[in-house]
Amino acid sequence: MHSNPTSPTTPLKIGLAGTGTVGQGVWRHLRGQADLLARRCGRSLEIVGVSSRNAAKAEAAGIPAALVTPRWEDLVARPDIDVIVELIGGVDDAFRLVKGALEAGKHVVTANKALLAERGGELFRLASEKKRRLLYEASVAGGIPLLQALREGLAANRILSLHGIVNGTCNYILTRMSEEGKDYAEVLAEAKKLGYAEADESLDVEGWDAAHKALVLAALAYGFWPKMASLSVRGIAGLDRRDIAFARTLGYGIKLLAIVKTVPSGRIEVGVQPTLVPSSHVLASVKGVFNAVLVRGDVVGDTLYYGRGAGGDPTASAVLSDLASLARDGDGACSSRFSGLWNEATPPGIASPDEVTARYYLRLTVEDRPGVLARIATILGERNIGISSVIQPEVMVAPGEAEGRVPLILMIHDANTRNFEEARAALEALDIVHGPAVSFRVEDFT
Ligand code: HSE
């Protein structure tokens, strides 16, 4: 039995699983803001148990030893706990914890985007069955109350697109490369020293963290859980600083964007890739570890959400907002509270590459002789792909690149993704083109 969370007189009793950076932030700020939260929610919020695999960490955070157990199972088994806050991270153990908590009749608050992206469908089905709430404001864009805005503030809108800078580590790396002209590897090493990158850095720089967040946003905006395997994911690992410089010459900055967008067929595109953004666009001015998400609704038009997307304090703020919502509204009556999603009449499904049209930046390393551009234009023209501009800088050949070879940068008109990929492969096969054809998506937000 769990206690009655809708009673205004009893405190909301919380079990906190995990005492890493975010867990410590939740502990600290829940206590620091206790009076304010109690006043606003009409009841107090109380952490009555904590699980931590590292007792020293819990002690250093000032958590009384009497509250701490090494096993999250002990929290799930306690009948007095109303809600478990899952901050242990990872997928398998976190899945067992969230499932166990829901089965035991508890609400759950989680910051775990990987868990939701991999197994969100199952967990929300279970939450719905058990009529418990599974809240996840902290899973995307840290302290920005974005999911709340999508769920409540934009409830009357069909979402046409979301473009998000949702990985602070990548945005930090791209900002430093752009502002200081440094190499990718050099800035990555500094980001690691500062503790920005995830323990497994590939989650950040290969785009997976942003992809998990894109999937959660897609689920919330479109009412179904796409499969991770259906997403197209590319990170910033190995990005060449020359592309940042060429993009700037063309009037663009490069950002790692999570893109969720309705395509003309009615299906949705969900993916992550380094993308050229006009230098004059507000997303281009988002610097360092900050996050920003541009949401276009069919009624409201464009809305923008900006703030700190990672770190103990901002993420704790999001976790506490979910706890405040539980303390205030308890079980609620609306079914989407339990499923976590809108009940869409027909979930749209994921678009195939044939259905996605975009503009592209393409950089080739070519031989510097007459006729080269004509051969390249022919290959593109045969696939109905137009060129909107070309630059061929005279310098900036990479170290070790052979004499007589130059970079050639083409801005490509709207092209179907499949056609563009085929053209790219055909260009790489030409004897006048050397090395890989480097390409990036271009978004003009028109
Ligand atoms: N590694 C993530 C980031 C942390 O850099 O944004 C928040 O999910």
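Order of appearance sets the numbers: ligands from 1, and atoms from 1 within every ligand. Positions are given from 1, in the same order as the sequence printed here.
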Original post:
Taking only heavy atoms of Asp209, which atoms of ligand 1 are found under 4.0 Å from at least one of them?
Top reply: 2 (C), 8 (O)
Original post:
Cut-off 3.5 Å, side chains only: do Ser51 and Arg71 have a donor facing an acceptor?
Top reply: no
Subject >> Where ligand 1 meets Gly168 - atom numbers and elements under 4.0 angstrom, heavy-atom basis >> reply: 3 (C), 5 (O), 6 (O)
Original post:
Hey, which atoms in ligand 1 end up nearer than 4.0 Å to a heavy atom of Thr169?
Top reply: 1 (N), 3 (C), 5 (O)
**OP:** Quick one: look at Asp204 and ligand 1, take heavy-atom pairs under 4.0 Å, and tell me if it's side chain, backbone, both or neither.
**Re:** side chain
Original post:
Do Arg176 and Tyr172 have a side chain donor and acceptor closer than 3.5 Å?
Top reply: yes
Original post:
Does an N or O anywhere in Lys113 fall below 3.5 Å from an N or O of ligand 1?
Top reply: yes
**OP:** Taking only heavy atoms of Lys213 into account, list the atoms of ligand 1 that are under 4.0 Å away from them.
**Re:** 6 (O), 7 (C), 8 (O)
**OP:** Answer with yes or no whether the side chains of Thr262 and Arg267 bring together a donor and an acceptor at under 3.5 Å.
**Re:** no
Original post:
Has ligand 1 got any nitrogen or oxygen that is less than 3.5 angstrom from a nitrogen or oxygen of Ala310?
Top reply: no
Subject >> NZ/NE/NH1/NH2 to OD/OE distance under 4.0 Å, Arg296 and Asp302 >> reply: yes
Original post:
Is the shortest side-chain N to carboxylate O distance from Arg28 to Asp313 below 4.0 Å?
Top reply: yes
**OP:** Could you tell me the separation between the CG atom of Asn291 and the CG atom of Asn167, rounded to the nearest 0.5 Å?
**Re:** 7.5 Å
